[in-house]
Amino acid sequence: MNINTISQNADLRNSILSIISKENDRTVYDAFFRNTKIHEVDGDKIYILCESRLSKEILHDRFYDYLTQKIYEQTSSNYVPVFVTEEDLKGKKKFVEISTVEPTYFKNVSLDPNYTFDNFVVGPCNSEAQKAALYTATAPGGIYQTLFIYGDSGLGKTHLLTAIGNYIKKTLPEKKVLYFSSQDFLNEYLAFVNGDTKKEQLFKFLRKFDVLLIDDIQMLKDKRKTQEFFFNIYEDFRQNHKQICFTSDRLPGELEGIDQRILTRFTSGLSVSVTKPDTETCVNILKTKITASGSDLNTYDEDVLYFMADKFKESIRSLEGALIRLNFYASINKASHINLDLCTEALQSMIDCSDAKSKVTEQKILNAVSSYYSLSVPQITGKIKSGNIVNARHIAIYLIRDLLDLPLKKIGSLFGGRDHTTIMHSIEKVDKLLKSDDQTRIAVNELKKRLSS
Ligand code: ADP
Ligand code: MG
């Protein structure tokens, strides 16, 4: 069917809207469809005038396929809807046509639409990272062409990285965004590397994108060939002023087994961290998750939220897990109100395990230090004064004091009866080195990480 006249536009609009109003909830219809108009039909495109930029984005994101189908049903032609606002029509902006790249590669990878900036709770632990991510999302390929987000597992890196992608897709739909984890990349690379020409195709495929979001870059550790290939793409993106964002479980400087040239590029970009949240942020996260799931916050006693926040602040993933378990427990017990007793009952096993896991002892510290430095425990606690051993000994003493807060005398007795001034000296030495020496800082961070996992 050809639609040429204004009255035909109006007829078509009315017939489509009448079907949509029957097929959808009234609130959905009122919010998104009622005030749309057909602005123009040009070739195979139907320009649909939307009330606001937000409705344009929502229509495009959520109802594109649906509308295409409805138009087809009414016209028996494959018209493509193009959503525009009054502002677009004033000629300030050219029509934005959404182009997508055929997914020859990374077919099974997609952006999780549930991770957005709107539902990312900001606190002191992540505000810098959130700002940097949001900035990047509003200006991809801008001054921070490389964004590097690092931090321990479960603290929101993937959420932020994905939020960048969702935001760009919504606000800058002409930009092509690809998200994948380094493991996905490795898989694609391996699958297509058999013939060299295919490697070129993968390169060409990736070049079509404007923004690459690469999760968990540490997984490329020791994969020399893949890294080489990856480096070429990275360079290409840099030269073409495109955006690449990474996440990693550690600082660029602490990544082992990654090509020095890649590391240098990382360090010249913007690096931001996510750290463990404070109790208040955890409580806010819980509140956000509860509200988002459609539950009533008043069902939960305030002290339940603080209790959970306190017990699970090591990882937001486990905090979420605890909430899911609590809700499940409440529902099978038909509890309409959630108080602290119910909460401790529900989470008993989780709390016990996490407490047991996190219990650090002197012996665990000595074991960790000895394996980090490839020494034996007796070497560390003994009298030998060679450089490497002395260094490991200082670090072990420092960690025991820092993590367990044992009296100096007690620590001395663990190290062959050294007196407390010697112990004090070791601690001060490491304290100083932490400010000036990268190796020491890396060692202490890594050991703390190992001890806490
Ligand atoms: P990581 O990639 O650092 O291991 P994720 O991004 O997968 O962590 O986060 C783990 C879970 O915690 C996800 O479900 C995520 O939505 C949630 N989460 C993390 N940080 C926040 C936050 N600041 N606000 C809301 N949810 C968060
Ligand atoms: Mg992750």
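Start at 1 and go down the list; that is how both ligands and their atoms are numbered. Just so it is clear, the structure is predicted and the values come from calculations on it, not from any experiment.
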Engineer: Is a side-chain donor or acceptor of Arg401 paired with a backbone partner of Leu406 at a separation under 3.5 angstrom?
Structural biologist: yes
Engineer: Which protein residues come within less than 4.0 angstrom of ligand 1, counting heavy atoms only?
Structural biologist: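 Contacts of ligand 1 under 4.0 Å: Tyr115, Asn119, Phe120, Val121, Asn126, Asp152, Ser153, Gly154, Leu155, Gly156, Lys157, Thr158, His159, Ile285, Lys289, Ile316, Arg317, Glu320.
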Engineer: Between Tyr300 and Ser295, is any side-chain donor less than 3.5 angstrom from a side-chain acceptor?
Structural biologist: no
Engineer: Do any N/O/S atoms of Ser181 come under 2.8 Å of the Mg ion (ligand 2)?
Structural biologist: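 Ser181 does not place any N, O or S atom closer than 2.8 Å to the Mg ion (ligand 2).
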Engineer: Would Tyr105 and Phe180 count as a close aromatic pair, with their ring centres under 6.0 Å?
Structural biologist: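 Tyr105 vs Phe180: aromatic centres not under 6.0 Å.
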Engineer: Side chain to side chain contact (heavy atoms under 4.5 Å, CB included) for Glu320 and Lys289? Distances and angles first, verdict last.
Structural biologist: CA-CA 8 Å; Glu320 271 192 311; Lys289 305 267 171 197; 2.8 Å; yes
Engineer: Classify the angle between the aromatic ring planes of Tyr135 and Tyr144 as parallel (below 30°), tilted (30 to 60°) or perpendicular (above 60°).
Structural biologist: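 Tyr135 vs Tyr144 ring planes: perpendicular.
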Engineer: Where the side chain of Ser182 meets the backbone of Asp216, is there a donor-acceptor pair that is under 3.5 Å apart?
Structural biologist: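 It does hold such a pair.
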